[in-house]
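One structure is given here, and the rest of the page talks about it.
Because only heavy atoms are used, hydrogens play no part in the values below, and waters and symmetry mates are left out as well, while side chains stay in. One-based numbering, in listed order, for ligands and for the atoms of each.
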Amino acid sequence: MSSVLGIETSCDETAAAVVDEGRGVRSSVVSSQIDLHARFGGVVPEIASRAHVDLLTPVVAEALVEAGLEGPDVAAVAATIGPGLIGSLLVGVSHAKALALVWGVPFVGVNHLEAHLYASFLEEPSLELPVVVLLVSGGHTLLIHMEAPGHYRLLGQTIDDAAGEAFDKVARFLGLGYPGGPAIDRLAVEGDASAIAFPRGMRDEGLDFSFSGVKTSVITYVRKHPQVETADVAASFQEAVVDVLVTKAARAADQVGAKGICLAGGVAANSLLRERLLDSCIAAGRQAYLPSRAMCTDNAAMVAAAGWWRLQSDGPTSLAVGAYPNLRLPLS
Ligand code: KG4
Ligand code: ZN
């Protein structure tokens, strides 16, 4: 059995996992640094890098113990090489290269965005390509036509803020703290989603997104109506964002004739987005692939899975490879 050790340190999660043949999760350990960054209202890069240095050795050890393997038993060590915070990435990449050298196994550099695309393979053995993937994270909002492993066509992307960034900025403005997405998701349950009609930027045209308008609109509205219920603002904002995401994902699937839509990235953990995408797919007779919340947010199982696929297609990555904060998804 070909087991890959995956390492993920691109932002504020220190994670390690062991995955068999790109699909079978033997272990997945995620150590979140939320408590370290919460009082600053967001991720502090220098604190994140230092925490990765402290946490990575025990996290890798735990992943190996849970998988029942010794280091040299793994077939390869895969690590995220970008995009992400440069200091955080370097900790994971250096650690992975060192382990690969000591154990005498290949190193595989993994693109974090590609790793998110593989999360659904871990939980949906029946997933059939091609699919449309809506990849919504803190830094990206992409609609991808995934034709085969390694073959991605970009259908649409945000022209300004990423969806997760809009959630985080609105949450911070509303005083809901960090990380903002889960806070809005929780509070929205208590609010009236039809209370305020926030704008649906670019909903009725094409496949690109724009979320800076809705963010500004929330700020303007709350300043004008200081007595408004925060839960109503959270629910109405979430409704507007989810409406646009689901409408565009369905349009993309119509355009390329996809039989399924797959969610990926941290924002894919959002309750309303999951519910609405499922409704939309059922209505259109399409398959909806919704990875569990733990697989949507940053983890190393997806890195190990993507690493295994890359090892099959490209072979080992040179140890001369570095870390790339602005790495893009390789498009075909
Ligand atoms: O993929 P991810 O864990 O890290 C990046 O690669 O960016 O995504 C993090 C983003 C953050 O913006 C966070 O607020 C958002 O995902 N997020 C959510 C939820 N959980 C995480 N957004 C909305 N609802 C959620 N439940
Ligand atoms: Zn991510």
Side-chain angles (χ1 to χ4, degrees), residues 6-15 17 28 30-34 37-38 41-43 45 48 79-85 88-89 92 110-120 133-142 144 158 161-174 176-189 191 193 211 214-215 234-235 237-246 262-277 290-303 305-306 324-329:
I7 290 179
E8 159 60 37
T9 62
S10 67
C11 191
D12 60 340
E13 320 281 0
T14 313
S28 178
V30 180
S31 175
S32 167
Q33 302 176 8
I34 284 178
H37 302 284
V43 178
T80 300
I81 58 169
L85 301 169
S88 293
L89 289 167
V110 169
N111 181 310
H112 181 83
L113 299 171
E114 182 170 46
H116 272 299
L117 297 182
Y118 283 88
S120 1
V133 186
L134 174 63
L135 201 176
V136 270
S137 69
H140 297 83
T141 301
L142 304 172
I144 307 286
T158 182
D161 289 353
E165 192 180 350
F167 268 94
D168 292 336
K169 286 179 176 169
V170 164
R172 187 182 304 182
F173 172 73
L174 295 175
L176 301 178
Y178 151 90
I184 290 187
D185 195 348
R186 278 192 300 276
L187 186 63
V189 177
F211 294 111
V214 63
K215 173 196 68 189
F237 161 76
Q238 179 176 266
E239 179 74 30
V241 172
V242 167
D243 182 11
V244 174
L245 290 174
V246 173
C262 182
L263 280 184
V267 182
N270 183 266
S271 317
L272 187 71
L273 176 57
R274 299 169 76 84
E275 188 187 314
R276 291 287 170 77
L277 189 83
L290 309 174
S292 66
R293 285 179 165 78
M295 281 301 152
C296 291
T297 50
D298 288 348
N299 65 85
M302 65 185 197
V303 175
Y324 308 93
N326 301 315
L327 193 64
R328 289 165 178 267
L329 187 70

Subject >> Heavy-atom nearest neighbour of atom 25 (C) of ligand 1 within options S137, G84, G181, S10 >> reply: G181

**OP:** Answer side chain, backbone, both or neither: which part of D298 comes under 4.0 Å from ligand 1, heavy atoms only.
**Re:** both

Original post:
If you measure every N/O of T297 against every N/O of ligand 1, is any gap under 3.5 Å?
Top reply: no

Subject >> Side-chain donor-acceptor contact under 3.5 Å, S10 with E8 >> reply: yes

Original post:
Would you say G265 and ligand 1 have an N/O pair spaced under 3.5 Å apart?
Top reply: no

**OP:** Would you confirm whether T80, through its side chain, and H112, through its main-chain N or O, come within 3.5 Å as a donor-acceptor pair?
**Re:** no

Subject >> the Zn ion (ligand 2) to nearest N/O/S of H112 below 2.8 Å >> reply: yes

Original post:
ligand 1 and F167, any nitrogen or oxygen pair closer than 3.5 angstrom?
Top reply: no

**OP:** Starting from the Zn ion (ligand 2), look over the N/O/S atoms of H116 and name the nearest one.
**Re:** NE2

Original post:
What protein heavy atom sits nearest atom 12 (O) of ligand 1, and how far off is it?
Top reply: D168 OD2, 2.7 Å

Original post:
Where is the nearest protein heavy atom to atom 26 (N) of ligand 1: which residue, which atom, and how far?
Top reply: D185 OD2, 2.8 Å

Original post:
Taking both backbone and side-chain atoms of P179, is any N or O found less than 3.5 Å from an N or O belonging to ligand 1?
Top reply: no

Original post:
In D298, the N, O or S atom nearest to the Zn ion (ligand 2) is which?
Top reply: OD1

Original post:
Based purely on interatomic distance, does H112 place a nitrogen or oxygen under 3.5 Å from a nitrogen or oxygen of ligand 1?
Top reply: yes

